[in-house]
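Data first, discussion second: the structure below is written as structure tokens.
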Amino acid sequence: MDLGDAWTRVLAGLPPNQRAWLTNSRPVTLHESTAIVAVPDDFTRGQLETRLRPDLERILSESFGRDIRIAVTVDPSLDPELQPQAPTPPPIREPLRTEGSYQPTIQSALTDPDQSHTQPYRQPAQQPIAQPPQEQAPSYEQPAAQQYAPQQNQPFGQPTQQPFGHQSGPDSRPPGAPAPAQPATEAQGEARLNPKYTFETFVIGSSNRFAHAAAVAVAEAPGKAYNPQLIYGDSGLGKTHLLHAIGHYVRSLYTGARVRYVSSEEFTNDFINAIRDDKASQFQRRYRDVDVLLIDDIQFLEGKIQTQEEFFHTFNTLHNANKQIVISSDRAPKRLEALEDRLRNRFEWGLITDIQPPDLETRIAILRKKAATERLTAPPEVLEFIASKVQTNIRELEGALIRVTAFASLNRQPVDLSLAEIVLKDLIPEGSKPEVTSSMIMGQTASYFGLSIDDLCGSSRSRVLVTARQIAMYLCRELTDLSLPKIGQQFGGRDHTTVMHAERKIRQLMSERRSVFNQVTELTNRIKHQAKQQ
Ligand SMILES: Nc1ncnc2c1ncn2[C@@H]1O[C@H](COP(=O)(O)OP(=O)(O)OP(=O)(O)O)[C@@H](O)[C@H]1O
């Protein structure tokens with residue numbers, strides 16, 4: 001049975017008063033257990049998401065003989081009143097008013113084998129989703145956003161005349177492309193986006209194609225395409241990267257869009273501080289007066305009743321105002337057992353997409369892109385070797401490339417296979433992977449440098465101590481799944497930006513100073529050895 005047939009059964013199986021809501025709706029596609037349904041407006045979407053959902057999902061599940069859930073997207077072109085009555089001069093297109101608005105993005109992402117991970121992100125922008133395929137695709141020099149006229153009730157201000165991805169720095173802009181509307185630093189500071197995490201730097205493969213396509217659709221039509229979008233998957237597979245990429249792309253399409261990225265840990269800390277300092281209304285403004293809220297690692301809210309309550313209201317306020325919410329999690333919502341039902345239930349209103357570990361080809365493509373953006377030289381066979389050794393976590397994959405190139409640069413040796421083998425031999429032991437904890441890292445680092453754990457967590461800024469602390473933070477980032485805020489907490493309650501700085505600093509020092517490279521390598525060996533003994 002295909003989705004069209006199943007939809008006919010849905011229509012036949014509903015009482016007339018419910019069926020009326022579906023008159024102008026359309027099934028779009030079925031991806032695994034998610035059926036995407038397009039409706040003409042937000043009001044109808046609300047009805048489907050709340051009143052009709054149980055019946056729709058029941059009939060669809062019966063038709064397919066397995067559990068099916070629906071995700072509802074708004075496509076105003078389905079509204080019969082908006083159909084053109086007579087030929088008129090071609091208007092400037094709006095993202096949501098054309099036939100097949102988001103659908104081609106998602107569908108082609110799932111079915112088009114040519115949309116491979118080796119293609120740069122430039123491709124989708126040249127053929128934006130609002131553009132029927134037969135129309136001539138604009139050149140890259142013609143900014144993608146130029147094709148979008150402001151929407152009615154446009155909450156985000158005017159789309160800019162910019163290509164996406166310009167925030168990734170002047171280097172990433174093609175020659176002749178216009179300059180960003182706002183200074184990149186100001187834009188990023190406010191939205192708190194990492195300039196490196198854009199769609200341009202994201203490599204698409206079969207493991208993340210659906211999540212990527214949905215993320216693009218959401219960024220092109222915030223609050224309309226899928227709300228919320230939830231991205232889940234194991235650590236280090238690119239969830240944070242996609243959240244930031246959505247933020248950048250929204251900002252490049254809609255001038256003045258208020259985008260806020262926050263990890264759930266920061267949200268929690270912010271909330272606790274707001275209560276302590278009696279600044280609840282400031283807190284609420286910070287998270288509710290936004291057009292797009294990107295909230296990372298929602299699993300952190302498990303068991304935190306009061307913060308969940310606050311997030312529930314934040315969610316409702318934003319959703320009711322058609323503001324976009326994007327959530328990431330390390331598990332599917334169903335498996336977030338210590339999260340309140342009403343929150344999990346809201347997460348299921350939108351589109352749930354997962355990211356799987358990348359296959360070998362994708363891992364090689366990621367390394368190739370990483371080497372190019374970081375200006376690291378490594379021949380293809382070395383990239384393939386690293387990709388074959390590090391199979392699950394992309395953060396580890398990148399870490400391995402950094403170590404190999406750093407070792408080569410310190411020794412003034414070319415990056416070749418034998419060198420890569422030496423460096424990775426200790427980094428990636430054969431057999432099962434022992435679990436490394438932050439206390440092992442801190443304990444080993446402290447004893448290696450002749451310090452105490454208190455020293456590592458304290459405030460002394462002596463040079464040896466600062467380097468030791470930064471190395472320990474770097475290793476926590478590379479060898480554990482702990483998030484930035486969590487690592488900060490372990491080191492005397494430091495801010496997550498301190499951990500980010502430490503990570504960058506040690507990466508750089510490893511390729512400049514042999515002593516630092518040796519210290520990191522020796523410590524890694526000791527820590528892994530200890531982990532194996534446990
Ligand atoms: N498809 C991809 N293309 C390019 N880089 C990627 C891709 N996926 C992940 N990365 C890179 O891998 C690193 C880890 O990704 P990220 O931090 O987004 O993972 P995550 O899923 O959010 O992990 P965690 O749950 O631990 O926070 C980042 O440097 C990111 O840029």
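Numbering of ligands and ligand atoms starts at 1, following listing order.
- Closest approach of Lys239 to Asp234, counting heavy atoms only: NZ-O, 2.8 Å.
- Within the 4.5 Å cutoff, no side-chain heavy atoms of Asp297 are placed close to those of Ser329.
- Relative to the six-membered ring of Phe312, Arg346 misses at least one condition, a distance below 6.0 Å or an angle of at most 45° to the axis.
- Salt-bridge check for Arg192 with Glu266: passed, with a basic side-chain N closer than 4.0 Å to an acidic carboxylate O.
- Residue pairs meeting the salt bridge (charged side-chain N to carboxylate O under 4.0 Å, His left out) criterion with at least one partner in residues 508-525, sequence neighbours excluded, are Glu522-Arg526.
- A distance limit of 4.0 angstrom between heavy atoms and ligand 1 selects the residues Tyr197, Thr201, Phe202, Val203, Asn208, Asp234, Ser235, Gly236, Leu237, Gly238, Lys239, Thr240, His241, Asp297, Ile366, Ile394, Arg395, Glu398.
- Remark: Asp270 engages Arg286 in a salt bridge, criterion side-chain N to carboxylate O under 4.0 Å.
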